[in-house]
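What follows is a single structure, written as structure tokens, with notes after it.
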Amino acid sequence: AKVPGLPADLTPRDVRTAGVIGLGVMGRGIVMALASAGVPVIAVGLDQAHLDAATKAIAKMWSSSVAKGSLAQGEMDARMARITGSTDPADLAAADLVIEAVSEDLGVKQTVFATLGQVTKPGTILASNTSFLDIDTLAAASGRAADVCGMHFFNPAHVMRLLENVRAAETAPDVVATIMAFGKRIGKLPVLSGVCDGFIVNRMLSKRSREAFFLVEEGASPAAIDKVVLDYGFPMGPLALGDLAGLDIQAAARKSRAAKASPRELRADFVEQMVAAGRLGQKTGSGWYAYDETRKASPN
Ligand code: 3HC
């Protein structure tokens with residue numbers, strides 16, 4: 001596959017088995033995306049409780065698709081059979097590509113990358129699903145920067161087609177070629193970004209969210225703002241999207257940009273206030289909106 005800026009004759013690395021480490025909302029969605037595309041996945045949770053919760057949540061999501069008639073039971077069974085659960089990162093020795101989706105905290109991710117650098121085979125690609133952390137720092141922690149890159153999925157990762165691949169300072173060209181080809185193989189629309197603030201998507205969307213926060217300050221309701229954006233053809237308004245992505249993630253991203261933010265941006269701290277009140281969005285049932293069991297939103 002031709003990737004702009006790369007020699008056309010690069011041979012992508014062989015990816016037969018993938019691994020995912022960290023099984024929160026994003027990790028689960030990534031496991032589902034891979035297994036649905038026919039890729040065997042080693043899914044590593046932090047501990048048995050996390051692994052059990054993730055396995056249950058994945059089965060529940062596919063079961064509801066089966067109940068709705070959008071997925072055949074046999075296909076669900078085949079997907080589940082492609083997932084091997086584990087709580088031991090050493091099991092990732094069998095993977096050719098590992099996607100890290102642990103919590104969005106540089107220290108936590110550095111520790112995981114140091115472990116991955118030790119336990120995986122030479123040549124295994126180590127990709128971070130980070131939204132805004134510095135992949136070059138993670139690359140350094142792994143001890144094998146040439147194999148490290150970003151693969152940033154979008155929530156819900158088993159549904160959203162966009163995949164933002166990130167080329168870090170020392171990422172080997174054949175790693176870039178591999179993740180672009182692999183993205184297509186799993187039915188995604190891969191785009192390539194460099195390491196920069198917000199990559200492409202969050203860089204653009206953060207400006208839209210910023211204006212939405214200012215509008216709330218100036219008296220518009222969250223529902224009115226979202227309705228306008230929806231009417232312009234976007235699948236979701238900026239505030240509903242914040243609830244979907246997780247207000248804790250948005251708050252952490254805001255914190256990472258605080259030094260460059262204007263006083264007005266810092267003052268419009270709705271997201272921080274909601275996080276402090278335990279309102280993290282869809283995952284806690286409350287954010288800008290209140291959510292019922294079926295994710296139906298009502299004003300909060
Ligand atoms: N979690 C899991 N699955 C979900 C979901 C959720 N929150 N919301 C929807 N789905 C699933 C449904 O179960 C359904 O699956 P099925 O077809 O197997 O039954 C499928 O998605 C389609 O859902 P709907 O039938 O409700 O269809 P919609 O047309 O309403 O689509 C949507 C829902 C795909 C979420 C759509 O509204 C959309 O594209 N929204 C924009 C999402 C987006 O931009 N995400 C990016 C967030 S930012 C991010 O992740 C980056 C990070 O760095 C912060």
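Only a predicted model underlies this, so the values are computations on that prediction, with no experimental measurement involved. Every number for a ligand or one of its atoms is a count from 1 in the order of the listing. Only this structure's heavy atoms are used, side chains among them; waters, hydrogens and symmetry mates stay out.
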Heavy atom of protein inside 4.0 Å of [atom], strictly below:
atom	value
atom 22 (C) of ligand 1	no
atom 10 (N) of ligand 1	yes
atom 18 (O) of ligand 1	yes
atom 7 (N) of ligand 1	yes
atom 53 (O) of ligand 1	yes
atom 32 (C) of ligand 1	no
atom 29 (O) of ligand 1	no
atom 26 (O) of ligand 1	no

May I ask you to decide whether [X] forms a salt bridge with [Y], counting only side-chain N to carboxylate O separations under 4.0 Å?
X	Y	result
Asp243	Arg279	no
Glu211	Lys207	no
Glu217	Arg267	yes

Quick one: does [X]'s side chain get under 4.5 Å of [Y]'s, heavy atoms only?
X	Y	result
Phe182	Pro12	no
Phe270	Leu247	no
Arg144	Leu126	yes
Met80	Ile58	yes
Arg254	Asp269	yes
Asp105	Leu133	no
Val98	Val20	no
Met274	Trp288	yes

Name the closest protein heavy atom to [atom], giving the residue it belongs to and the distance to 0.1 Å.
atom	answer
atom 43 (C) of ligand 1	Leu241 CD1, 3.2 Å
atom 50 (O) of ligand 1	Asn155 N, 2.9 Å
atom 13 (O) of ligand 1	Arg295 NH2, 3.3 Å
atom 14 (C) of ligand 1	Lys68 NZ, 3.9 Å
atom 38 (C) of ligand 1	Pro235 CB, 3.6 Å
atom 16 (P) of ligand 1	Ser65 OG, 3.6 Å
atom 51 (C) of ligand 1	Phe154 CD2, 3.5 Å
atom 35 (C) of ligand 1	Pro156 CD, 3.9 Å

I'd like to know if Met26 contacts ligand 1, where contact means a heavy-atom distance under 4.0 Å to any ligand atom.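 No, Met26 has no heavy atom closer than 4.0 Å to ligand 1.
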Under 4.0 angstrom from ligand 1, any heavy atom of Gln250? no
[X] neighbourhood, listing ligand 1 atoms whose heavy-atom distance to it stays under 4.0 Å:
X	value
His158	2 (C), 3 (N)
Ala245	48 (S), 54 (C)
Leu244	7 (N), 42 (C), 45 (N)
Met61	2 (C)
His152	51 (C), 52 (C), 53 (O)

Tell me the contacting part of Val201 for ligand 1: side chain, backbone, both, or neither, using a 4.0 Å heavy-atom threshold, strictly below.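 It is neither; nothing of Val201 touches ligand 1.
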Have a look at ligand 1 and work out which part of Val159, if any, has a heavy atom under 4.0 Å from it: side chain, backbone, both or neither.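 Val159 to ligand 1: side-chain contact only, backbone stays beyond 4.0 Å.
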Rounded to the nearest 0.5 Å, what separates atom CD1 in Ile30 from atom CG in Asn129?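 Taking CD1 in Ile30 and CG in Asn129, the distance rounds to 4.0 Å.
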How long is the span from the OG1 atom in Thr130 to the CD1 atom in Ile249, to the nearest 0.5 Å?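 CD1 of Ile249 is found 8.5 Å from OG1 of Thr130.
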Result block: side-chain N/O donor-acceptor pairs under 3.5 angstrom for residues 159-172, not counting sequence neighbours:
{"residue": "Arg161", "atom": "NE", "partner": "Gly187", "partner atom": "O", "Å": "3.2"}
{"residue": "Glu164", "atom": "OE1", "partner": "His152", "partner atom": "ND1", "Å": "2.9"}
{"residue": "Glu164", "atom": "OE2", "partner": "Ile200", "partner atom": "N", "Å": "2.9"}
{"residue": "Glu164", "atom": "OE2", "partner": "Val201", "partner atom": "N", "Å": "2.7"}
{"residue": "Asn165", "atom": "ND2", "partner": "Ile179", "partner atom": "O", "Å": "3.1"}
{"residue": "Thr171", "atom": "OG1", "partner": "Val148", "partner atom": "O", "Å": "2.8"}
{"residue": "Thr171", "atom": "OG1", "partner": "Ala168", "partner atom": "N", "Å": "2.8"}
{"residue": "Thr171", "atom": "OG1", "partner": "Ala168", "partner atom": "O", "Å": "3.3"}

Hydrophobic clustering (ILVMFWY, side-chain heavy atoms < 4.5 Å, transitive) - are Phe214 and Ile225 grouped together? no
